[in-house]
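Bear in mind the structure is a predicted one, so any value in this text is a computation, not a measurement. What you see below is based on every heavy atom in this structure, not just the backbone, and it leaves out hydrogens, waters and symmetry mates.
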Amino acid sequence: MFTVNHQTNRISPVKTKRFSELGFTERKHLQLSTRSGLRLAHEPSALGEELLIIQKEFDGFALFPFVLDASRERLDLLALDKDGNLVIIENKLDDSGRDVVWQALKYASYCASLTKAQIIEIYQQYLDRYEPVTGEVDLLNAPSSAALNASQRICEFLDAPDMDELKLNLGNSQRIMLVAANFRKEVTSTALWLLGQGISIACFKITPYSLGEQLLINIDQIIPTPEAKELMIGINAKEAEEKTTEVVLKNRHTVRREYWECALEAFQKSSCQLYNNISPSKDHWLCAGSGVTGCPFSLIFNQKELRVELWLGRANSDENKWLFDELVKQKDQIDLAFGEPLEWLRLDNKKQSRIQFSTKADGFNKDIWLDHITWHLEHMVKLEKVLKAPLLQASERLKHKDVK
């Protein structure tokens, strides 16, 4: 940091100080906001966002049965952010210390179990101590005017009409903020790794400067940097989308396999022999040989559609189009024999062609799977009957054609 002399157009460095030189301590100057202190608790916006401090030097871990020695535990600052997440703030002045991350993670784990009522109680204790209620207490309309005060303050901060609509401290939403003048490499390395694991942790470097009788403070967020934070938000959103997609696909694979198991059992009991040696699949399609290489009969099971089709998918595109053109010559007779018009898709911009029949369906509704299976069986029997013989005949003629 430099000062500028407008007359000489020169800059001069502002002297950097250490908190220990200034006689500062964590307790007196960062948490408790004494007259000579940094007032971090009164100015949490210095950490780059709106925070509501709900407790200082919180030592109420005796509430938690799993904290074996609660008397030694003391969280520097506890806050709420604008999303109702608890924020654990640890202050270490000149040096972060090597155990600060472990300490903060420990406190975050403790706070993860706090209920809405406990958070209000903790905040009320803070208000009673640092901002005591004055005036008459309305004992008739509220169990405690002070308790009403804490609830109102939280509602005002989160822009909520009442506590019933508030969601506080959901799941593993707890955040960690570390404040120090210097961060050890093991601390920054661990913080970066935790960020990569989806743990919300931030490191703020706080530097005091001396300018005559004035004391200046500079606070920089070094992990993650604002630019990196925006990037991470984008990456996390993408990863969340990918994970959601993976879950959806996994669920769909399970549903499809279950459907095909039921469908194949029905086919094996029918006169249709196409799928006798076919196993259930996680895919949305199930193919069976027609007697012509690369031209299977396929059952299609989608969330919104059921379909039966003859797939013309030989390695040679020209052969597929030739077979399709031979079959389409008999289109009227085939549609009449099927009982309904088929969809004849030559697909000139693709290698394959297909002939199909489809219907809309609520595919993943298991309550009506029997109807879906009945539809698949009925229409595949008809499709095989009207297309198998013409396809075999066209395939024989193809053997004597010079199709390139």
Side-chain angles (χ1 to χ4, degrees), residues 256 259-260 262-264 266-278 281 283-365 368-404:
R256 288 168 183 164
Y259 177 81
W260 291 134
C262 297
L264 288 175
F267 268 82
Q268 289 169 2
K269 295 177 180 178
S270 72
S271 60
C272 181
Q273 304 299 306
L274 281 175
Y275 294 90
N276 282 3
N277 297 315
I278 304 299
S281 166
D283 298 310
H284 69 283
W285 46 266
L286 208 60
C287 293
S290 64
V292 177
T293 302
C295 299
F297 284 105
S298 300
L299 298 169
I300 308 297
F301 173 67
N302 287 321
Q303 187 171 1
K304 297 181 180 181
E305 180 195 44
L306 304 178
R307 195 164 73 238
V308 293
E309 64 185 30
L310 173 64
W311 181 255
L312 305 177
R314 295 166 69 91
N316 188 303
S317 175
D318 291 335
E319 291 181 0
N320 293 327
K321 304 310 176 188
W322 191 90
L323 287 172
F324 180 88
D325 292 341
E326 287 296 295
L327 292 173
V328 83
K329 293 176 181 177
Q330 306 175 58
K331 178 180 180 301
D332 292 341
Q333 301 96 300
I334 291 173
D335 284 349
L336 182 63
F338 185 79
E340 298 179 76
L342 296 171
E343 294 178 77
W344 297 76
L345 305 174
R346 195 173 193 273
L347 304 177
D348 293 331
N349 58 335
K350 295 183 179 181
K351 179 190 290 188
Q352 300 84 4
S353 297
R354 68 175 185 265
I355 304 167
Q356 66 181 38
F357 186 76
S358 63
T359 186
K360 293 181 180 180
D362 185 8
F364 290 1
N365 183 354
I368 54 176
W369 272 7
L370 180 59
D371 294 338
H372 296 343
I373 293 170
T374 300
W375 187 93
H376 262 143
L377 179 57
E378 175 188 345
H379 290 87
M380 180 52 75
V381 168
K382 292 198 299 181
L383 192 72
E384 179 190 15
K385 183 177 181 180
V386 299
L387 283 177
K388 187 168 185 178
L391 176 64
L392 290 173
Q393 294 167 4
S395 175
E396 284 298 315
R397 293 195 296 275
L398 178 62
K399 294 176 182 179
H400 307 289
K401 294 288 183 180
D402 183 17
V403 178
K404 296 181 181 180

Return the set of residues passing side chain to side chain contact (heavy atoms under 4.5 Å, CB included) with E340 (not counting sequence neighbours), or none when no residue passes. F338, F357, H379, K382
For F324, enumerate each residue passing the ring pair (Phe, Tyr, Trp, His ring centres under 6.0 Å) test, keeping only those at least two apart in sequence or located in another chain.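 For F324, no residue satisfies ring pair (Phe, Tyr, Trp, His ring centres under 6.0 Å) once neighbours in sequence are set aside.
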Could I get the full list of salt bridge (Lys or Arg N to Asp or Glu O under 4.0 Å) partners for K269, not counting sequence neighbours? E265
Residues forming a salt bridge (Lys or Arg N to Asp or Glu O under 4.0 Å) with K331, sequence neighbours excluded: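 For K331, the residues satisfying salt bridge (Lys or Arg N to Asp or Glu O under 4.0 Å) (neighbours in sequence not counted) are D335.
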Mind checking side-chain hydrogen bond (donor to acceptor under 3.5 Å, both in side chains) for [X] and listing every partner two or more places apart, or none if nothing turns up?
| X | answer |
| --- | --- |
| K304 | none |
| N276 | Q273 |
| Y259 | H376 |
| R307 | E305, E309, Q356 |

With a 4.5 Å cut-off on side-chain heavy atoms, are L310 and R354 touching? no
Tell me, do R256 and F301 make a side-chain contact under 4.5 Å, heavy atoms counted?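 A side-chain contact under 4.5 Å exists here.
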Quick check: closest heavy atoms across [X] and [Y], and the distance to 0.1 Å?
| X | Y | answer |
| --- | --- | --- |
| V308 | W375 | CG1-CZ3, 4.1 Å |
| W311 | S298 | CB-OG, 4.3 Å |
| L264 | Y275 | CD2-CB, 3.7 Å |
| K351 | A315 | NZ-O, 3.4 Å |

Pairwise distance CG(D371) to CG(D362) - rounded to 0.5 angstrom: 11.0 Å
Would you be so kind as to tabulate the donor-acceptor pairs closer than 3.5 Å made by side chains of residues 384-395, with sequence neighbours excluded?
none

Got a sec, which pairs hit salt bridge (Lys or Arg N to Asp or Glu O under 4.0 Å) with one end in residues 321-330, sequence neighbours left out? D325-R346, E326-K329, E326-R397
Tabulate below the donor-acceptor pairs under 3.5 Å that side-chain atoms of residues 283-297 make, not counting sequence neighbours, or state none.
residue	atom	partner	partner atom	Å
D283	OD2	S281	OG	3.1
S290	OG	V292	N	3.3
S290	OG	C295	O	2.4

Heavy atoms of other groups near D348 CG, more than 12 under 6.0 Å: yes
